[in-house]
Structure formats: C-alpha cells, structure tokens
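Structure record follows, encoded as structure tokens.
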There are 2 protein chains.
Amino acid sequence: MTRPPLNRLDESLLTPLPPFSRLERSEIRAILDQAVSRRVEEGATVFHEGAPADRFFLLLDGTIRVIRVTATGEHVTALHIPAGQLFGIAPALGKDHYPATAQAASEALMLSWPARLWPRFAALDGFTTETYATVGKRLGEINDRIVEMATLAVEQRVANALARLVNQTGRKVEGGIEIGFPLTRQDLSEMTGTTLHTVSRLLSAWEKDGIVSSRRKHVTVTDPHRLVVLGQRRG
Amino acid sequence: MTRPPLNRLDESLLTPLPPFSRLERSEIRAILDQAVSRRVEEGATVFHEGAPADRFFLLLDGTIRVIRVTATGEHVTALHIPAGQLFGIAPALGKDHYPATAQAASEALMLSWPARLWPRFAALDGFTTETYATVGKRLGEINDRIVEMATLAVEQRVANALARLVNQTGRKVEGGIEIGFPLTRQDLSEMTGTTLHTVSRLLSAWEKDGIVSSRRKHVTVTDPHRLVVLGQRRG
DNA sequence: CAGCATCTTTGCGCTGGCTCAAATCTCGGG
DNA sequence: CCCGAGATTTGAGCCAGCGCAAAGATGCTG
C-alpha cells in the first residue's frame, strides 16, 4: 500500500501458515513477489470504511480491530483479527469499498496484495467455485444489525425492523404500506431483542400518532417517513 | 425434499427472476428439471438448525423467517427472506449443516436443489471463483453475536468477549492467560455495547473473585473456566 | 524525576425496559 | 352462532446499567 516489496520477503513468513504450508517453494515465491509488506503502529488505521477496496491483507503479527462508526460518532468493534488471518477481503465479496475501518490494536505487521489477485488466493483453501455477492450483502446487513443492537434503544430498533420489513415485503394498500406476511408482536420482539409487551406499547403509541395501524397479526405503516425518523433519532 | 418434480415445473416460474432472466430457455429447463418444489404452510419448518445441509432453496412465494434458538429456549430472528431470494445456501459456505432454522412466516412456495448443484448456480450471478470457508465462518460468528446481544445481559456479553479474545490471542503467562494486545476498558465496552464504567466495575468485581487480573491496558484471565461460566449462566 | 496525558475507579441518582399479572379482544372451528 | 386458543393491551413495581461527575493511578516524555 505504501512502498514496493522490500529487498525480498522471506519465504519463512508464509511457510508456517495453513493455507500456504502445502505449496511448492516456487509458488510461495511467486505469491510473495506480488506482496507488499507494511508495519503499522498501535492505533494506526490500515484502511477506512468507505475507501476503495483495492487490496486485501494477511496479518503476520499483531492484532487488527475492525470497527464501525455510527452517525452519532459511537464506535462499535465488529471483530478482531488475530495474526495469521486474512482481512480486508471485501474484494472477495464483490464489494469495491471496505465496509468497515481496520486499525491496529497493537503494533502489527501485514502483507497485502491487489484485489485482482484474489481469485488466485481463493483456490488455495481447496474450495469450490462460488458466487458471493449475495453472501457479501447478507454479511453486511448482519453487521449493521450488530451496530444497531449495540447503539440503539429499543424504540429505534423496532422502528428499523419494521422499516426493513416494509422495504422487503411491503404491499401498497389503502392508507399505507402493509407488511406482506402475518407478523405478531412476539415476532417483532424476537427480531429486536425485546419483549412482546414493549413492542405492543410502542405500536399503540405509534398508532396514536398515526404512524402505523395494525390489526391482529398485520401491520400497516401509514407514515413511512416518520417511521424512519424514529429509527434514527436520539430521544 | 418431499416428492419428485411435479408433472413439469413451468418455466415461467424462473423467467422473471434476475439471475435467470438472461438464460436460454433450454438452460432454464435443465435447472428446473433438477428442482423439487414444495409448498409449506404458515409456521411450518423448512429445515432445522444443525441438520445436514443437503439442499439449498429458492423462495418463489411467501416469506421465510430464519431463527436461532438459544440454550435457554429464547428465539432470535436472524433475518427474513423475501420471495425471489435464495436461502439455505449453507452448502455454498462450506458448511455441511444448517446454522439456523428456517420456518415459513406465511404460506410459502419454494424450489430446492441438492447441494452438489450449487456450483452451477454460483456461475449465474456472473461472479468469480472464490473461497469461502473463511467468510462462512465469520458470518457464523457475527450471527452468534447478534444472538448474544439480543439475549444476554451486559455481564455475560463482556465475559464472552473476553473469552473470545483469550481463545484468539491468549498467551500463557504465570498465573493465567493474557490477552495478546493492549486492551482498554473502553475497547471492551465498544465490543459489547456498553460503557467503560460498567466494564470497569465488572473487571473489578471479577478481580476480587480471582477470575481475572488486570493492569493498565492489559487483562489476564486467571480462571478461564469460571469466566466461561459467567458468560453462559443466567443471573 | 517531574509533568501530563491517558486510563481507571468509584459514587450517586435516574429511568428505560423487563417481569409479573390480569383483563380484553379476535377469529377460526365446531 | 358460540367457544376456546392465541394475540393484544395495560397496569404496577423494580432494578440493571447508563449518564454525570470527580478523584486516583499509571506510564511516557522531556
């Protein structure tokens, strides 16, 4: 990412790692010759959320923290990468931008390669040909939910869950958009990590405000815009 | 899954769907001839968490709810699948068992194919050859965290986060296992969706109980077993 | 080795959301 | 058309954990 390969990277860097251990010396050589090594200090950022995902990384030493920052500035740590693992493999998921920020939790040493070399890597693990735009998208959505659970209050989580269902399965009906399948308070609570009681109270309040209208097992959103606002605002 | 292909599945089932719309009629025919169709009623289970993942599915109509059940019997809805989407694609992730349970949120109609046909599907989306054991594993871990955030109290989440870090980066030191990188209370709070104050109080209490010992930016787990117990128990 | 930035601990009051409990409503089935 | 199971609403009390505030501890820097 910063400078060209050092004099020459030592093959012993990769030899002990699982994916590479079975390879011929010459193959390892070829891979290393394409790699760029980089050392970063504790706290330094390796790549930023939203930046073009032009490289993927292999962590040789140290620990990487993968974080996301919410609209209100809170940090949520999505996962930690221990030495020996790949990270920043957004290219593999059909994404052209990194979905999160990676920073060094300790001083770290890593190799990286341009995204276009990914397919060559993929074969190493002995896996099959697969399509993963779907998977990448789903992974992103799940990640969003972690952030949501970590930073939002119950009311906002329920509002967002409802908004998501409207987008996925909503049908236009008179007076709003109806969720396209039977949905109980209990169901909504299981989607948002709360209780059916709380969901019931929320829906009642929203109904009073003209945002939703519901009958047994059915929810219609009458004011989608205000629902979305509920999901984002603080307070 | 239940019965052999009907008389003959109609090509118009697939024609309107994005991945298939570009295919020749003969190709669609070939795909359909391998498919099994199935109709399930509201509330019925399509496959159970932990069952051998021998098939993958395409939802033609209705909505599927993907849920996980915790050790204490609570249900957490991981995601909803709208009509037109694939689901149960565990085979694609290198998994041989379904990681969650799929049940019909409404009466649903679906097609399914044996797992071994997955590669043929994969090519449709126009994606590249990729390896995804890594991705599949990571997706599973993230999913676990959603369940955790939804069902566990703060103390349990922090205990689990610590246990995870010990497994990933722990080094044996005298008197226990030390997390292998600098870790502040703030860091732990960002991993678990709580505040540094609460984390501090928890660590103090645990230190008093001889479960952990910590100095500035470093945490050593002195009694891993009890830590794990803390992460699972209720109360 | 003194100063300072950062990290950690601790107290206190408040409240969102859970638990427990019970009444009421809705709809499909007989 | 009546009954019962499941769904929904609503009340009351309680407490885990947050927000706010401030003091202490630790380790790096010059």
Side-chain angles (χ1 to χ4, degrees), chain A residues 41-43 70 72-76 105-107 148-159 161-162 179 181-209 212-220 230-231 233-235, chain B residues 41-43 70 72-76 105-107 148-159 161-162 179 181-209 212-220 230-231 233-235:
Chain A
E41 58 195 39
E42 183 179 332
T70 68
T72 53
E74 290 146 305
H75 290 205
V76 175
S106 63
E107 178 180 40
E148 186 177 300
M149 297 285 280
T151 61
L152 299 189
V154 168
E155 178 174 28
Q156 299 161 49
R157 300 207 299 271
V158 176
L162 218 47
I179 306 285
F181 62 94
L183 180 74
T184 67
R185 312 294 188 255
Q186 171 84 22
D187 291 337
L188 265 171
S189 74
E190 291 179 1
M191 296 173 62
T192 52
T194 182
T195 63
L196 78 163
H197 307 276
T198 297
V199 170
S200 176
R201 284 181 237 267
L202 286 172
L203 289 186
S204 295
W206 293 345
E207 183 136 19
K208 206 163 296 174
D209 291 349
V212 307
S213 105
S214 69
R215 34 189 190 300
R216 176 182 249 234
K217 282 191 166 194
H218 288 273
V219 180
T220 300
L230 274 181
R233 281 257 171 215
R234 276 271 148 204
Chain B
E41 58 195 41
E42 182 180 331
T70 69
T72 53
E74 289 146 305
H75 291 207
V76 176
S106 63
E107 178 180 41
E148 186 176 302
M149 297 283 281
T151 62
L152 299 188
V154 168
E155 177 174 28
Q156 299 161 49
R157 300 207 300 269
V158 176
L162 219 46
I179 306 284
F181 62 95
L183 182 73
T184 67
R185 311 293 187 255
Q186 172 84 23
D187 290 338
L188 266 171
S189 74
E190 290 179 0
M191 296 173 62
T192 52
T194 181
T195 63
L196 77 162
H197 308 275
T198 297
V199 170
S200 176
R201 284 181 238 267
L202 287 173
L203 288 186
S204 297
W206 294 345
E207 184 136 19
K208 205 163 296 172
D209 291 349
V212 306
S213 104
S214 69
R215 34 189 189 301
R216 177 182 248 236
K217 280 192 165 196
H218 287 273
V219 180
T220 300
L230 274 182
R233 281 260 170 211
R234 277 270 149 206

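Every chain is numbered from 1, with letters handed out A, B, ... down the list of sequences.
- No donor-acceptor pair closer than 3.5 Å links the side chain of A:S200 to the backbone N or O of A:L196.
- Counting to the nearest Å, the C1' atom of C:dC18 and the CG atom of B:L152 are 15 Å from each other.
- Residue B:T194 places at least one side-chain N or O under 4.0 Å from the OP1 or OP2 atom of D:dC18.
- The nearest whole Å value for the distance from the CZ atom in B:R216 to the P atom in C:dT9 is 11 Å.
- A distance-only check finds a donor-acceptor pair linking the side chain of B:R157 to the backbone of B:T192 [under 3.5 Å].
- Atom NZ of B:K208 and atom C1' of C:dT9 are 11 Å apart (whole Å).
- Distance check: A:S106 OG to B:L183 CG gives 11.0 Å after rounding to the nearest 0.5 Å.
- As a whole-Å value, the separation of B:L196 CG from C:dG11 P is 16 Å.
- Using modelled atom types and a 3.5 Å distance limit, the side chains of B:S214 and B:R185 yield a donor-acceptor pair.
- Considering OG of B:S213 and NE2 of B:H218, their distance stands at 11.5 Å, rounded to 0.5 Å.
- When atom types are taken as modelled, the side chain of B:D209 and the backbone of B:W206 share no donor-acceptor pair closer than 3.5 angstrom.
- For the contact set between residues 198-206 of chain A and DNA chain C, defined by any heavy atom under 4.0 Å, the members are A:T198, A:R201.
- Toward the 5' end of DNA chain D, the nearer of the two residues A:E207 and B:G193, judged by each one's closest nucleotide, is A:E207.
- Put simply, the residue from B:L188, B:V199, B:L230 that forms a side-chain contact (heavy atoms from CB on, under 4.5 Å) with B:L162 is B:L188.
- Across residues 184-192 of chain A, A:T184, A:R185 each have a non-hydrogen atom less than 4.0 Å from an atom of DNA chain D (numbered order).
- Among C:dG17, D:dT10, D:dC18, the nucleotide with an atom closest to any side-chain atom of A:H197 is D:dT10.
- Following rounding to the nearest Å, B:R215 (CZ) and D:dG27 (P) show an atom-to-atom distance of 9 Å.
- Rounding to the nearest 0.5 angstrom, the gap separating the CD atom in A:Q156 from the CG atom in A:L202 is 10.5 Å.
- Regarding B:K217, its NZ atom lies at a distance of 8 Å from the P atom of C:dT8, rounded to whole Å.
- One distance of note links OG1 of A:T72 with CD of A:E74; it measures 3.5 Å at 0.5 Å rounding.
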